[in-house]
Amino acid sequence: MEQHQVLIDHFDRSLHGEASTELDQLLSNDPEAATEWHYLRVAVDAIQEAGLYEQVATVKNQWHIQRSATVKPSGGLVRSISRNAMKIAAILVMAAGGAAFYKYATISSGSLYDKYYTSYDLNTSRGAGDADAMEKAYHVKDWNTVLTLFSTAKRNNKMDFIAGMADLELKKYDDAIEHFEQVMAVNAQAGSDYFQDEAQYYLAISWLAKDKVNEALPILEKIRADKDHLFHDKVAKMSFLDLRLVQYKENK
């Protein structure tokens with residue numbers, strides 16, 4: 001019970017964007033805690049998708065009020081909750097569980113990429129040479145020409161990203177991942193962010209295409225937590241319940 005409460009407390013803080021080294025260590029060292037943490041997040045995602053957050057908050061507040069109002073003379077808390085609140089909580093759990101079960105029964109790892117992939121609209125820039133030629137080939141969706149031009153060009157982040165998108169369109173997922181990771185590596189070394197947001201998002205999408213939700217999910221969570229990220233709004237609309245259920249299937 002104590003561990004369960006610790007996980008709930010950490011989860012409350014994580015919803016406010018607070019990271020926890022203590023939690024990371026707990027999940028790394030305790031497989032049982034890691035499993036419970038996963039189920040907790042699935043339940044919360046199910047509640048979110050069912051639109052039950054406001055009701056859950058009401059039950060939680062009522063429970064805290066009840067606990068505060070029932071103090072023994074000895075100072076000990078009477079850990080009780082009203083019958084009405086318990087009934088409401090039970091209904092919410094059943095609704096969330098039903099949503100999660102339905103999702104689990106119908107979702108597949110291959111469907112996530114199809115659901116969330118959208119092509120990248122590359123802005124036209126004035127220039128000359130290899131980069132300009134690659135952009136022209138990209139705009140007419142001549143993916144093979146994009147890659148041919150890249151192979152003889154002096155690479156930079158934009159060209160690596162364009163090549164990665166061409167590989168993604170051609171379903172060469174490993175090559176796409178290599179390009180997007182290259183963009184991020186260059187930025188990390190140079191302290192820049194040129195095409196960083198684009199590379200992060202489409203790296204996650206590439207991992208989804210390879211049915212590697214374990215690789216994609218941390219990236220998507222990071223994007224969702226960053227309101228300034230270029231793809232924050234797009235990721236915020238994703239079903240993280242779907243993602244976690246597929247993750248569970250992959251890890252079975």
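As the structure is a computational prediction, the values presented were derived from the model and not from experiment.
Take Tyr194 and apply the side chain to side chain contact (heavy atoms under 4.5 Å, CB included) test, not counting sequence neighbours, and it matches Asn157, Lys158, Asn187. Annotation: side chain to side chain contact (heavy atoms under 4.5 Å, CB included) contacts of Asp226 (sequence neighbours excluded): Asp228, His229.
Scanning all heavy atoms of the two residues, the minimum distance from Glu135 to Asn123 falls at OE1-O, 3.8 Å. Nearest heavy-atom pair across Ala166 and Val146 is CB-CG1, 3.7 Å. Closest non-hydrogen pair, Tyr113 versus Ala209, comes out as CD1-CB, 3.5 Å. Considering all non-hydrogen atoms of both residues, Ser206 and Ala176 come closest at OG-CB, 4.0 Å. Considering all non-hydrogen atoms of both residues, Leu220 and Leu243 come closest at CD1-CD1, 3.9 Å.
With rounding to the nearest 0.5 angstrom, the CE atom of Met184 is 10.0 Å from the CG atom of Asp197. Separating the CE atom in Met165 from the OG atom in Ser119 is a distance of 7.0 Å, to the nearest 0.5 Å. The NZ atom of Lys171 sits 4.0 Å away from atom OH of Tyr173, with the distance rounded to the nearest 0.5 Å. Considering CG of Leu170 and CG of Leu168, their distance stands at 9.0 Å, rounded to 0.5 Å. Distance check: Asn156 CG to Gln182 CD gives 10.5 Å after rounding to the nearest 0.5 Å.
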(request) Start with the C-alpha gap between Glu198 and Val183, add the side-chain angles, then the distance that decides, and say whether side chain to side chain contact (heavy atoms under 4.5 Å, CB included) holds. (result) CA-CA 9 Å; Glu198 294 89 342; Val183 172; over 6 Å; no
(message) Pair Ile177, Glu215 - check side chain to side chain contact (heavy atoms under 4.5 Å, CB included), show working.
(response) CA-CA 11 Å; Ile177 288 170; Glu215 302 292 340; over 6 Å; no
(message) Does Phe150 form a side chain to side chain contact (heavy atoms under 4.5 Å, CB included) with Asp160? I'd like the steps, not just the answer.
(response) CA-CA 8 Å; Phe150 177 82; Asp160 254 303; 3.4 Å; yes
(request) Apply side chain to side chain contact (heavy atoms under 4.5 Å, CB included) to the pair Val235 and Tyr201, showing each step before the final yes or no. (result) CA-CA 9 Å; Val235 172; Tyr201 176 75; 3.9 Å; yes
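Under the 4.5 Å side-chain heavy-atom criterion for ILVMFWY residues, a single connected hydrophobic cluster contains both Leu230 and Ile223. Under the 4.5 Å side-chain contact rule for hydrophobic residues, Phe231 and Leu112 share a cluster. Both Met159 and Leu122 are assigned to one and the same hydrophobic cluster, defined by single-linkage of ILVMFWY side chains at heavy-atom distances under 4.5 Å.
Between Phe180 and Tyr202, the ring-plane angle classifies as tilted under the 30° and 60° cut-offs.
Between the side chain of His232 and the backbone N or O of Arg224, at least one donor-acceptor pair lies under 3.5 Å. Side-chain atoms of Asp175 do not come within 3.5 Å of backbone N or O of Asp167 as any donor-acceptor pair.
Between Asp132 and Lys136 there is a salt bridge, since a side-chain N of the basic residue sits under 4.0 Å from a carboxylate O of the acidic one. With salt bridges taken as basic N to acidic carboxylate O contacts below 4.0 Å, none links Glu178 and Lys172.
A donor-acceptor pair shorter than 3.5 Å cannot be found between the side chains of Glu169 and Tyr120.
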